[in-house]
Structure formats: C-alpha cells, structure tokens
Amino acid sequence: MHIAILTLVFSLPGCGSLKEKRHRMGGLHARFGNTPSIAVCESGERDRHDASEWTFVIVGMSKREVESQCSQIEEKLERMVDARVMNVEKEFI
C-alpha cells in the first residue's frame with residue numbers, strides 16, 4: 001500500500017467573500033471525495049477570502065498508481081478552479 005499527501009495552496013485575487021470563494025473553488029470535495037482512493041479537505045486558509053489550501057490523501061497499490069493520480073488531480077485543478085496555484089507539496093508515506 002502506498003500513500004501520498006498532496007497539498008495545494010491557491011490564490012484567489014479579487015475574491016470578496018467566503019461565498020464567492022466557495023463558488024470559485026467549484027466544489028472540490030464533491031468532485032474528488034467520491035473517489036474511493038482519495039480523501040480531500042480544505043486544510044488551511046479557511047477564513048481568508050483571497051486564499052485557500054486543500055489537502056488530498058491518495059492511496060494505491062503501487063507508487064506509480066499514486067503518482068499518476070496526483071498528476072491527474074493537479075491537472076484537473078489547473079483547468080477547473082478559478083484560482084492560481086501558488087504552491088504544491090507532495091509527500092509519500
């Protein structure tokens with residue numbers, strides 16, 4: 001069993017409220033949390049309008065499988081959220 005912790009920090013320039021922030025982040029929990037091998041949560045910057053931090057825990061039978069899922073998550077986030085990715089951290093356990 002292989003586990004990765006993927007943490008992304010986003011900047012949301014011009015975001016004026018927490019409601020707008022939720023809208024711009026586009027329901028990440030609903031989109032990724034339904035996958036059995038992925039757990040996701042907003043792990044930081046919860047009270048800031050202009051920033052957000054999300055952590056994904058990915059589990060797989062091989063390191064290659066986990067790395068592939070991490071890459072897919074990063075690519076989807078680049079396309080689907082109205083925010084800039086400021087930092088990406090990946091840790092394998």
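Model, not experiment: these values are computed from the prediction.
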Hphob cluster co-occupancy, Leu18 + Val81, side-chain heavy atoms under 4.5 angstrom: no
Heavy-atom side-chain contact between Val85 and Phe10 under 4.5 Å: yes
If we only count heavy atoms from C-beta on, is the Ile73 to Ile38 side-chain gap below 4.5 Å? yes
Option passing side chain to side chain contact (heavy atoms under 4.5 Å, CB included) with Val66 (candidates Ile93, Ile58, Ile3): Ile58
By side-chain hydrogen bond (donor to acceptor under 3.5 Å, both in side chains), Asn87 pairs with (sequence neighbours left out) Glu89
Glu78 side, atom CD; Leu8 side, atom CG - distance, nearest 0.5 Å: 8.5 Å
Taking side chain as C-beta onward, heavy atoms only, is Phe56 less than 4.5 Å from Thr35? no
Please name the residue in the list Glu42, Arg22, Glu45, Arg24 that meets the side chain to side chain donor-acceptor pair (under 3.5 Å) test with Ser52. Glu42
Minimum heavy-atom distance Ser43-Thr55, with the two atoms named: OG-OG1, 2.6 Å
Counting distance only, does the side-chain N/O of Lys21 pair as donor-acceptor with the main-chain N or O of Asp50 below 3.5 Å? no
For Ser11 and Pro13, which heavy atoms make the closest approach, and how far apart are they? O-CD, 3.3 Å
Is there side-chain contact between Gln72 and Ser68, with heavy atoms separated by less than 4.5 Å? yes
Heavy-atom neighbours of Arg48 CZ exceed 12 at 6.0 Å: yes
Mark yes or no for whether His49, through its side chain, and Gly16, through its backbone, hold a donor-acceptor pair below 3.5 Å. yes
Measure the spacing between CD of Glu67 and NZ of Lys90 and express it to the nearest 0.5 Å. 7.0 Å
Output the distance between atom NZ (Lys63) and atom SG (Cys70), rounded to the nearest 0.5 Å. 10.5 Å
Is there side-chain contact between Leu6 and Glu74, with at least one heavy-atom pair below 4.5 Å? yes
Starting from Leu77, can I reach Val88 by hopping between I/L/V/M/F/W/Y residues whose side chains sit under 4.5 Å apart? yes
With hydrophobic residues grouped by side-chain heavy-atom distances under 4.5 Å, do Met25 and Met86 end up in a single group? no
Mind checking whether Met80 and Leu28 have side chains closer than 4.5 Å, heavy atoms only? yes
Look up atom CD in Glu53 and atom SG in Cys41, then write down how far apart they are to the nearest 0.5 Å. 8.5 Å
For Met61 and Met1, work out which heavy atoms get closest and say how close. SD-CE, 4.0 Å
